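Throughout, protein chains are lettered first and strands after them, A, B, ... in sequence-line order, and every chain is numbered starting at 1. Please read all numbers here as calculations on a predicted model, not as lab measurements.
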Number of protein chains: 2
Amino acid sequence: MTDTGNGAAPAPMGRRERKKAATRRAIADAALRLFLERGYDAVGIREIADAADVSTTTLFKHFPVKEALVFDEDADQESSLLAAVRDRPEGRSVPAALRDHALRHRMAAADGDDRFTAFRELVAGTPALRDYAQAMWLRHTDALARVIAEESGLPGNDPACTALAHFALEAPRAAHGHDDPREAVVRAFDLLESGWRALAPGD
Amino acid sequence: MTDTGNGAAPAPMGRRERKKAATRRAIADAALRLFLERGYDAVGIREIADAADVSTTTLFKHFPVKEALVFDEDADQESSLLAAVRDRPEGRSVPAALRDHALRHRMAAADGDDRFTAFRELVAGTPALRDYAQAMWLRHTDALARVIAEESGLPGNDPACTALAHFALEAPRAAHGHDDPREAVVRAFDLLESGWRALAPGD
DNA sequence: CTTCAAAAGTGCATCCGTTGCACAAATTGA
DNA sequence: TCAATTTGTGCAACGGATGCACTTTTGAAG
């Protein structure tokens with residue numbers, strides 16, 4: 001979770017941006033800790049602000065709504081997903097790029113991570129968070145579909161693009177129950193790969 | 001007031017239920033009128049309650065959240081949809097029943113109805129309503145998929161059921177842009193019909 | 001270094017959706 | 001007629017979110 005992946009970007013952040021990011025993290029951390037301790041609905045905004053030692057106004061400058069405190073990394077995940085398709089190596093197909101991304105990011109925290117499973121239970125057990133996550137997922141598939149359309153030259157509203165986006169985000173979910181999740185993901189994407197090749201040869 | 005005292009009346013609804021339905025309608029009508037006049041966000045709950053001459057407490061007894069005021073007929077539409085599949089004539093296929101229902105209910109208000117287009121613009125132009133409608137649509141497809149599974153004897157989580165439910169609710173949407181929407185709907189359902197027949201012959 | 005403007009944060013009052021509570025009125029059944 | 005349930009009311013309050021005026025911090029220009 002606390003991964004400031006600095007593979008090729010040593011983060012040229014000035015002191016200002018660093019402090020901003022720090023308070024943001026302080027808020028999100030305090031919020032998640034309290035939520036996990038006592039449940040989402042039992043923790044108020046003012047309380048979180050106190051725990052992070054900021055005012056409620058500041059809190060809402062960083063997170064537009066309460067639910068966003070839980071899905072802190074939403075924006076990062078989405079841009080990382082889109083980048084995986086846009087900046088894929090020359091000659092690599094879109095489904096292949098999505099498979100790589102899924103194996104690298106989605107499955108990492110899947111096995112045996114207490115913190116992560118607690119997080120999932122928190123979301124699953126809170127209607128407000130379930131709804132928010134669902135809406136988030138739809139936004140991601142939409143954005144992904146648009147990028148796929150751009151990259152493949154197909155019309156933006158082509159059902160094939162939305163379907164591929166849909167399946168690509170669904171596959172890691174479905175693989176969770178399997179004994180070997182990684183294998184299941186690879187299989188699923190092989191299926192998409194062959195189907196996609198027939199439609200958009202070369203991309 | 002108006003005493004319709006009738007000795008052996010079949011009385012589908014008692015006086016009480018009728019009054020309850022009346023206040024419900026009064027609230028929903030007042031709300032929709034105000035929303036269309038001045039926009040969803042510009043009208044407060046207390047104002048609507050005033051216009052309908054009830055207290056806010058009473059308002060929330062009828063509608064759990066503000067958005068529900070707009071989608072008043074949500075529950076009715078869903079049960080009507082499910083009933084169209086469950087109570088379809090003997091020997092009629094599921095897709096055919098869905099097509100009939102779509103042509104009868106979904107397209108009726110589609111052409112040239114000022115009131116209806118204004119309603120759609122209201123929803124489309126209000127993020128909160130868009131989100132709510134989206135979530136509603138997901139609930140409907142889920143419920144429909146379960147009924148289809150029951151009726152066809154397929155396992156409840158069979159992708160074919162969810163897919164059929166998805167497409168059946170999507171078809172009327174997609175047909176809106178066409179010059180002849182009814183024809184487009186018929187075509188779409190013909191497609192579903194043939195595909196379905198291969199999977200569940202007899203249902 | 002000084003100065004200045006933008007950014008970040010604060011404190012406070014307030015709005016608004018929503019809920020809980022105690023209570024009155026209507027309705028029903030005995 | 002007398003309870004008991006249902007339905008509606010008035011009011012106060014809670015929690016989220018916003019607007020405003022204001023101070024502090026920061027980056028950079030002069």
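- At least one side-chain heavy atom of A/Arg173 sits less than 4.5 Å from a side-chain heavy atom of A/Trp137.
- Within the nucleic acid shown, A/Asp53 comes within 4.0 Å of sugar-phosphate atoms alone, with no base atom in reach, counting heavy atoms only.
- Closest-nucleotide positions on DNA chain D for A/Thr57 and A/Ile45 were compared, and the one nearer the 5' end corresponds to A/Ile45.
- Following rounding to the nearest Å, B/Asp50 (CG) and D/dT9 (C1') show an atom-to-atom distance of 13 Å.
- If A/Arg46 and A/Leu59 are placed on DNA chain C by their nearest nucleotide, the residue sitting closer to the 5' end is A/Leu59.
- With B/Arg130 contributing its side chain and B/Ala124 its backbone, the two residues share a donor-acceptor pair below 3.5 Å.
- Out of C/dG17, D/dT25, C/dT10, the shortest distance to the side chain of B/Lys66 is found at C/dG17.
- Across every non-hydrogen atom of A/Ala102 and A/Phe189, the tightest pair is CB-CE1, 4.1 Å.
- Closest to the side chain of A/Thr56, from the set C/dG9, D/dT9, C/dC12, is C/dC12.
- Annotation: cation-pi geometry not satisfied between A/Lys66 and A/Tyr132 (NZ/CZ under 6.0 angstrom from ring centroid, within 45° of ring axis).
- When the side-chain nitrogen and oxygen atoms of A/Lys19 are compared with OP1 and OP2 of D/dT25, none of them lie within a distance under 4.0 Å.
- The interatomic distance linking A/Arg38 (CZ) with D/dG15 (P) rounds to 11 Å, in whole Å.
- To the nearest angstrom, P of C/dG17 lies 18 Å from NE2 of B/His62.
- Taking only side-chain atoms of A/Phe60, from C-beta outward, the nucleotide of D/dA17, C/dG9, C/dT18 with the closest atom is D/dA17.
- As a whole-Å value, the separation of B/Lys20 NZ from D/dT5 P is 17 Å.
- Rounded to an integer number of Å, the gap from CG of A/Leu129 to P of D/dG16 is 12 Å.
- The interatomic distance linking B/Glu67 (CD) with C/dC16 (P) rounds to 16 Å, in whole Å.
- Between A/Ser55 and C/dT10, a side-chain N or O to OP1/OP2 separation shorter than 4.0 Å is present.
- Whole-Å rounding puts the B/Leu69 CG to C/dC16 P distance at 16 Å.
- Across all their heavy atoms, A/Phe63 and A/Ala68 have their closest contact at CD2-O, 3.7 Å.
- Between B/Leu34 atom CG and C/dC16 atom C1' the separation is 16 Å, expressed in whole Å.
- Comparing atom distances between the A/Lys61 side chain and each of C/dG9, D/dT9, D/dT7 picks out C/dG9 as nearest.
- When each of D/dG8, C/dG11, C/dG17 is scored by its nearest atom to the side-chain atoms of B/Thr23, the top-ranked nucleotide is D/dG8.
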